[in-house]
There are 2 protein chains.
Amino acid sequence: MDEISLFEERSKEFYKDYLPHVSIDCVVFGFHSNTLKVLLIRMKGQEHWGLPGGYVGKDEHIDDAAIRILKSRTGAEKVFLEQFKAFGNTGRSEKDLSYLPESIWFRQRFISVGYYALVDYEQIIPVVDDISTACEWKSVHELPAMMMDHRQIYEAALENMRFQLNYKPIGYNLLPEEFTMPDLQKLYETILGKPLSRSNFQRKMLAYDIFIKHDKERKGGAHRSPILYSFDQVKYQAALKTGLKEAW
Amino acid sequence: MDEISLFEERSKEFYKDYLPHVSIDCVVFGFHSNTLKVLLIRMKGQEHWGLPGGYVGKDEHIDDAAIRILKSRTGAEKVFLEQFKAFGNTGRSEKDLSYLPESIWFRQRFISVGYYALVDYEQIIPVVDDISTACEWKSVHELPAMMMDHRQIYEAALENMRFQLNYKPIGYNLLPEEFTMPDLQKLYETILGKPLSRSNFQRKMLAYDIFIKHDKERKGGAHRSPILYSFDQVKYQAALKTGLKEAW
DNA sequence: ACAAAAGTGTTTAACCTACACCCATGC
DNA sequence: GCATGGGTGTAGGTTAAACACTTTTGT
């Protein structure tokens with residue numbers, strides 16, 4: 001079956017189940033071997049890559065839709081997921097989808113609500129669904145050409161994420177359950193694109209007082225063993241309530 | 001003509017001109033006599049007040065729709081207008097609009113994109129359109145009961161605006177073309193809900209170096225005449241480019 | 001002249017940065 | 001034991017808050 005027939009088939013279900021004109025795009029960030037990664041998919045019939053996305057059930061909260069879409073793509077639950085902007089240009093899909101018949105679901109004009117997620121790279125298994133041919137991590141340094149306005153959406157997500165990172169310690173969401181301060185610092189340096197003072201970074205992070213210090217260390221590498229930390233939900237929530245030093 | 005007949009009439013146009021399921025709500029802030037104000041409307045047939053809103057033309061950018069809606073309500077153009085969040089609960093209009101026939105435009109499920117605007121109170125003339133019975137400024141301290149989830153939308157806008165205010169000098173958008181530092185400080189104190197140090201406030205603001213200092217002063221009041229300032233677009237844009245000290 | 005508001009200057013403390021030092025581990 | 005990475009301490013500088021002082025105006 002060619003993809004047009006397939007899309008026509010799926011179109012019927014989509015019109016039945018989902019709200020027209022509204023879509024969701026997820027920018028899923030991961031971190032692996034000192035590189036920031038983004039999860040991209042390739043739709044059948046498309047040359048360019050795109051963001052994993054989906055639609056909103058007729059009786060579904062948009063946040064729930066985002067959670068569902070993310071889970072269907074990665075199996076991940078309870079990750080950091082935040083809405084950051086709605087995209088409502090006209091002609092967003094003009095150049096990439098105009099080869100499809102007009103009646104097809106995808107040819108609608110969509111207002112897309114962007115969410116970005118921070119996930120543990122190791123815990124995710126990218127899922128290729130029936131309307132796509134690939135779902136892979138791509139390094140942000142060597143992103144392939146992207147369809148529609150997905151590049152813009154990605155950039156807006158990155159900017160938003162960087163901004164948040166500057167004001168709230170959200171970075172650990174990209175790391176495994178247990179991590180070391182050097183790990184965390186590498187991640188911050190990668191995302192922010194600049195080196196940070198090692199000793200001060202450590203102090204600043206620990207000053208947030210939202211980490212659990214483990215007794216064990218990570219053995220194996222040469223040189224001194226770094227201390228393992230994990231994230232303390234309870235303390236973090238408490239810290240958020242009293243404000244995380246973002247005020248006059 | 002009762003409002004149901006009217007709505008049925010308008011419904012047809014709306015279905016023809018606008019994208020279904022997508023709406024826009026504007027939280028318009030103004031500042032008058034040391035009080036922060038919000039522009040509210042009352043829809044025909046509704047007991048409670050609501051935010052001025054509208055819909056997105058089938059071939060219109062959502063930002064343009066927001067600008068158009070704001071202009072139609074206030075006559076204001078070129079004001080500070082920013083998208084801050086999309087609201088996509090289910091049953092948003094359940095309790096307030098369920099008395100209307102289901103076929104009516106307003107009974108759709110809407111995903112609403114929230115924008116907030118900062119306008120010069122003096123320059124605005126609230127406009128009552130044909131589907132509403134009132135359009136008035138209300139003090140944020142004594143807001144009336146609001147329809148649907150508009151209270152939540154307002155609160156999200158306020159929070160967002162406060163946050164921005166902490167990091168970027170956007171407050172002057174609420175003042176007339178020419179204003180004094182004491183004016184600006186009163187405004188900040190009102191919005192943030194706490195007193196600020198007078199001398200330090202002045203220094204901090206002037207340090208941004210985005211204001212034009214006028215030679216004249218405001219005469220009339222008792223005591224020393226304050227210096228008039230206005231906002232310097234050019235310097236502000238330049239400052240934004242080099243970054244407004246929000247970084248590591 | 002005086003009171004009150006606006007504008008400017010000065011002291012002080014908190015904070016961040018840079019750097020030095022110590023510790024632990026594998027070779 | 002020594003090279004290297006990890007963790008802690010400390011001095012110096014920057015910035016902002018707190019307060020004092022001066023200037024200006026209307027009464």
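Chain letters run A, B, ... following the sequence lines, proteins first and then strands; every chain starts at 1.
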Integer-rounded Å distance: [N] [atom2] and [X] [atom1]:
X         : N       : atom1 : atom2 : result
Phe201(A) : dG6(D)  : CZ    : C1'   : 14 Å
Gln185(B) : dG7(C)  : CD    : P     : 11 Å
Met205(B) : dG7(C)  : CE    : C1'   : 16 Å
Leu184(B) : dA5(C)  : CG    : P     : 19 Å
His223(B) : dA1(C)  : NE2   : P     : 19 Å
Leu228(B) : dA5(C)  : CG    : C1'   : 15 Å
Lys204(B) : dA18(D) : NZ    : P     : 11 Å

With sequence neighbours excluded, tell me which residues meet side chain to side chain donor-acceptor pair (under 3.5 Å) with Gln185(B).
Glu189(B)

Sequence neighbours left out, cut at 3.5 Å: what donor-acceptor pairs do the side chains of residues 137-146 of chain A make with other protein atoms?
unit_1	atom_1	unit_2	atom_2	d
Lys138(A)	NZ	Glu136(A)	OE1	3.2
Ser139(A)	OG	Lys37(A)	NZ	3.1

Short N-O contact, Lys71(A) and Asp64(A), less than 4.0 angstrom
no

Would you say that more than 12 heavy atoms from the other residues, nucleotides or ligands in this model lie under 6.0 Å from the CD of Glu159(A), or not?
no

Might you list the N or O atoms of the protein lying below 3.5 Å from N or O atoms in nucleotides 8-12 of chain D, with each pair's distance?
unit_1	atom_1	unit_2	atom_2	d
dG9(D)	N7	Arg203(A)	NH1	3.3
dG9(D)	O6	Arg203(A)	NH2	3.1

Could you check, using the six-membered ring where one of them is a Trp, whether Phe179(B) and Phe231(B) have ring centers closer than 6.0 angstrom?
no

Does Arg224(B) get its side chain close enough to the base of dA5(C), under 3.5 Å, for a donor-acceptor pair?
no

Arg68(A)/Asp63(A) under salt bridge (Lys or Arg N to Asp or Glu O under 4.0 Å): CA gap, chis, key distance, verdict:
CA-CA 9 Å; Arg68(A) 171 176 54 76; Asp63(A) 291 349; over 6 Å; no

